[in-house]
Amino acid sequence: MAVFELEKSRIFQSNWFAAARSSDMPSPGSFRNVDVGGESVLIVRGRDGALRAFLNVCRHRGARLCTEEAGSVRKSLQCPYHAWTYGLDGSLIAAPNLNSMDDVNRDEYGLIGVALKEWLGTVWVCLADEPPSFEEAVQGAVTARMGDPSAIDGWGIDELVVGKRITYDVKANWKLIVENFMECYHCATIHPELTEVLPEFADGYAAQYFVGHGAEFGEEVTGFTVDGQGGFGTLSGVDQDHDRRYYAITINPQVFINLVPDHVIFHRMYPVAVDRTIVECDWLYTQEVIDSGVDLSRSVELFHRVNQQDFDACERCQPAMSSRAYAAGGVLVPSEHHIGEFRDWVASAVAG
């Protein structure tokens, strides 16, 4: 438990955290309330159309402004306790008897802002007083995986729309989920559908093991679907070198991006306890595909099964994390060297 508390402050509150899809807040006044390392962060679209993030705490007596996970207000955010009222830009605009409170300067008691960036159609926030470089920490992780800073642009992720969202409540530590996603030593054992589509995964080497490498589709596979058939046509920006391939990207500490020719699968993790993690998974398609009304179920089903299989495996591991048999952290085979690098990153971050 003590380690998890350090992880919350030194990892999740100190690094860029993918909080939500930008489209989750479509219009002025719409908001989303996200747990970031134990802090409630309120993301709000302002009247000017811009997104802003604030700590979800009234400056008067500390009441939580919004308890709903998501919603919409008309023009302001009002604390339900003493009716202190804030504009969508976080400024204090009203409070009972405020004009008679000479010692309360409304300019000093607006909501506390949180650093925010938008990239890949995603809202990234950072609670640190001095956030790390977004270009190095987030965009740099994508470049390190793809080998080319512009490679991911071909998928046009910021223009894709959510065709399906599934939220998983996983009874396992967040680090187990990251480690599982990063390796494919387990693929032949628990992912029969995936290895049918991506035969090389049966050999135990994850695509992330090689910089710039994408796992190639099987010869008879025509789509990244549960039966390997019937995709939706390659995205217009995906070139021939990246077609018929699958790319997996990990962005520390809580993002997985899966790139296939006709859509993108985007995972965001929200660690809530030492043995519990909420995982929100979006399947992203072009607006044209969504508007066509085509059945997405076979496309969604493939990675939904992969998620279920992975999360079951993580839950199987969780009880043994406190066992003396695992005190030294288990064994990493050669194809899992990048898991060792992840563990080193966590250890360094927690040590401060």
| request: Decide if atom CD of Glu193 counts as having more than 12 heavy atoms of other residues, nucleotides or ligands within a radius under 6.0 Å. | output: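 Above 12, so yes.
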| task | Inspect the surroundings of CZ in Arg165 and state if more than 12 heavy atoms from other residues, nucleotides or ligands are less than 6.0 Å away. | result |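 Yes, because the 6.0 Å sphere around CZ of Arg165 holds more than 12 heavy atoms from other groups.
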Taking side chain to side chain donor-acceptor pair (under 3.5 Å) as the definition, give me every residue that meets it alongside [X], ordered by chain and number, with sequence neighbours left out.
| X | result |
| --- | --- |
| Glu288 | none |
| Asp295 | Ser297 |
| Ser150 | Asp148 |
| Gln254 | none |

With [X] via ring-ring contact (aromatic ring centres under 6.0 Å, His included) - residues at least two apart:
| X | answer |
| --- | --- |
| Phe31 | none |
| Phe17 | Tyr270 |
| His60 | His82, Trp84 |
| His191 | His186 |

| message | For Tyr168 and Thr277, which I'm curious about, is there any donor-acceptor pair between the side chains at under 3.5 Å? | response |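 Result is no, nothing qualifies.
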| message | Under the rule for salt bridge (Lys or Arg N to Asp or Glu O under 4.0 Å), what residues qualify as partners of Glu216, not counting sequence neighbours? | response |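 Per chain and number, Glu216 pairs via salt bridge (Lys or Arg N to Asp or Glu O under 4.0 Å) with Arg245.
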| message | Under the rule for salt bridge (Lys or Arg N to Asp or Glu O under 4.0 Å), what residues qualify as partners of Arg64, not counting sequence neighbours? | response |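 With sequence neighbours excluded, Arg64 shows a salt bridge (Lys or Arg N to Asp or Glu O under 4.0 Å) to no residue whatsoever.
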| task | Taking disulfide (SG to SG under 2.5 Å) as the test, write out the residues that go with Cys187, two or more places apart. | result |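 Here the qualifying residues are Cys184.
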| query | How are the rings of His242 and Tyr247 set relative to one another: parallel (under 30°), tilted (30 to 60°) or perpendicular (over 60°)? | reply |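 Rings of His242 and Tyr247: tilted, 30 to 60°.
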| With under 30° as parallel and over 60° as perpendicular, where do the rings of His267 and Phe181 fit, or are they tilted in between? |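 Taking Phe181 first and then His267, their aromatic rings sit tilted (interplane angle of 30° to 60°).
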| With Ala128 via side chain to side chain contact (heavy atoms under 4.5 Å, CB included) - residues at least two apart |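 Ala128 satisfies side chain to side chain contact (heavy atoms under 4.5 Å, CB included) with Cys126 only.
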| request: Ignoring hydrogens and angles, tell me if any N or O in the side chain of Ser348 forms a donor-acceptor pair with the backbone of Val346 under 3.5 Å. | output: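 No; judged by distance alone, with no hydrogens or angles, the pair does not exist.
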| message | If the test is side-chain contact (heavy atoms from CB on, under 4.5 Å), which one of Asp310, Ile177, Asp169, Asn307 qualifies with Val279? | response |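 Checked Asp310, Ile177, Asp169, Asn307 against Val279; only one passes side-chain contact (heavy atoms from CB on, under 4.5 Å): Ile177.
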